[in-house]
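Have a look at the structure below before the remarks.
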Amino acid sequence: MSAASIPAQPGPPLWLLAELTYRCPLHCAFCYNPVDFATSGPELSTDDWLRVLREARAAGSVQCGFSGGEPMLRDDLEVLVAEAHRLGFYTNLLTSGVGLTEERAAALKAAGLDHIQLSFQDSTRELNDFLSHTRTFDLKQRVAALIKDNGWPMVMNCVIHRLNIDYIDRIIEMAVELGAEYLELANSQYYSWALLNRDQLLPTREQLERAERVTNEYREKYGDRIRIFFVVPDYYETRPKKCMNGWGNVFLTVTPDGTALPCHTAKMLPGLAFPNVREMGVREIWYESEGFNRYRGDGWMKEPCRTCPDKEKDLGGCRCQAYMLAGDPAAADPVCDKSPAHGLVVEALARVESGAGRNVPLVFRDPATSRRLVAGES
Amino acid sequence: MSAAVAADACPRVSRRFRLQWEEAQSAWVLLYPEGMVKLNQSAGEIMRRCDGSRTVPAIVADLEQAFGASGLADDVAKFLELARAQQWIER
Ligand code: SF4
Ligand code: SF4
């Protein structure tokens, strides 16, 4: 394929991520919800979501993720799962397990839910607590048992950062004890709340190397019993990730207020109008809207990406990271060492090594802080 | 791995996967937690016959009849070996 052959015309939106609510009982300092989530408009109604599910399925969506916030806080979750199942979606629920009672698990099973991804999240403001905190462990244990009893595969996810990375052995042990078949150890990526807390959350190189080593030891120890995925923070790479597998290529996110996005953080990008599912149908959103077409193909690229022989591999990386770090959403992702702004990533890593942020308090995700940050910005 | 499979085994799509026809992709796909494998036409035609009720020779005969072809046994055996290694099918 020649370098000019990245198609601008996408296939169907295979992946629908339904962010049902920004409400959440937890306060994770690495939360991927937008920092201004508390000023977001009213949530879509049940009927709105049912329509979105039908339209997305008709447009070719096949994987459906229900997430949030905490999706268990929507009491119509079972209704939405049932409709998604009826339409032929493969249905995934991404939850911290808070609110997943025996009754609701049974109702979700009856509705046809295919899969639950259970996250270890910090249920208290004491980060280290989440490892020793018996309440957290009891909750996960109860929910893990529900997942098993209902015949779902046991998939766990834990966001990794500087404050828990040294306990990776205990996290893996805990997952094994809970009967996890798959464990994703996903280093925090630095967007939204995690970006605010970057100096405190980004691990050092030494920590990261140790964690990878320990993870490999456990892989050998447990073999097929548990499959462990380890996701490195992209700041430690020299080439960016192919973000969302390409802008507007397979992923469609619908936020709680109905905004349709190519990824869950894209709303931050300046000069782009993203459509709302209350006003536009999914097919039109996907194929016609300006927001989804803007960074498709490679016509928007600048140097060094435009003439780069690797541009098909990563499509220039993440638009949000380019904007957050280089101030230009059409720039190369600064994770790339060919980017003129790569120095900013190197500097962030140097700050970590020098101990910056060690005594700075974390900013926890909650509605009051969100409103305060919005007020402070304007 | 394949040596352990009995000659009269009736392969069936593994419980970890769901096989379904996707009109938008004009393809059979295998769905699993947060993922999807799109099958090419011949893989799809073989997989849809792995319903736990047919032996491998029956699957081959059915395919040969449906497509007016002959001598498909080797291709089918090769694919089933791969499908077993991927845990797409049981037995
Ligand atoms: S990351 Fe934490 S605070 Fe954010 S939505 Fe998930 S559980 Fe809630
Ligand atoms: S210059 Fe652009 S296209 Fe090339 S590797 Fe870097 S980010 Fe990717």
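These numbers come from the heavy atoms of this one structure, side chains and all, not from hydrogens, waters or symmetry mates. Below, chains carry the letters A, B, ... as their sequence lines are ordered, and counting in each starts from 1.
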Atom group of L14(A) that falls short of 4.5 Å from chain B, counting heavy atoms:
side chain
May I ask you to test the Q20(B)-V62(A) pair for a side-chain heavy-atom distance under 4.5 Å?
yes
Assert top hit (heavy-atom pairs under 4.5 Å, partner chain A, pool E23(B), R18(B), M36(B)) equals R18(B)
Would you check, one step at a time, whether the test side-chain contact (heavy atoms from CB on, under 4.5 Å) holds for E34(B) with W15(A)?
CA-CA 9 Å; E34(B) 298 171 59; W15(A) 242 108; 3.8 Å; yes
Counting distance only, does the side-chain N/O of Q63(A) pair as donor-acceptor with the main-chain N or O of P33(B) below 3.5 Å?
no
Among Y90(A), W152(A), Y182(A), who wins on heavy-atom pairs under 4.5 Å with chain B?
Y90(A)
Taking atom NZ of K38(B) as the centre, does the number of heavy atoms from other residues, nucleotides or ligands within less than 6.0 Å exceed 12?
no
Option in A58(A), G151(A), G88(A) with maximal non-hydrogen atom pairs under 4.5 Å from chain B
G88(A)
Heavy-atom count check: over 12 atoms from other residues, nucleotides or ligands less than 6.0 Å from R142(A) CZ?
yes
With a cut-off of 6.0 Å (strictly less than), are more than 12 heavy atoms of other residues, nucleotides or ligands near CG of N40(B)?
yes
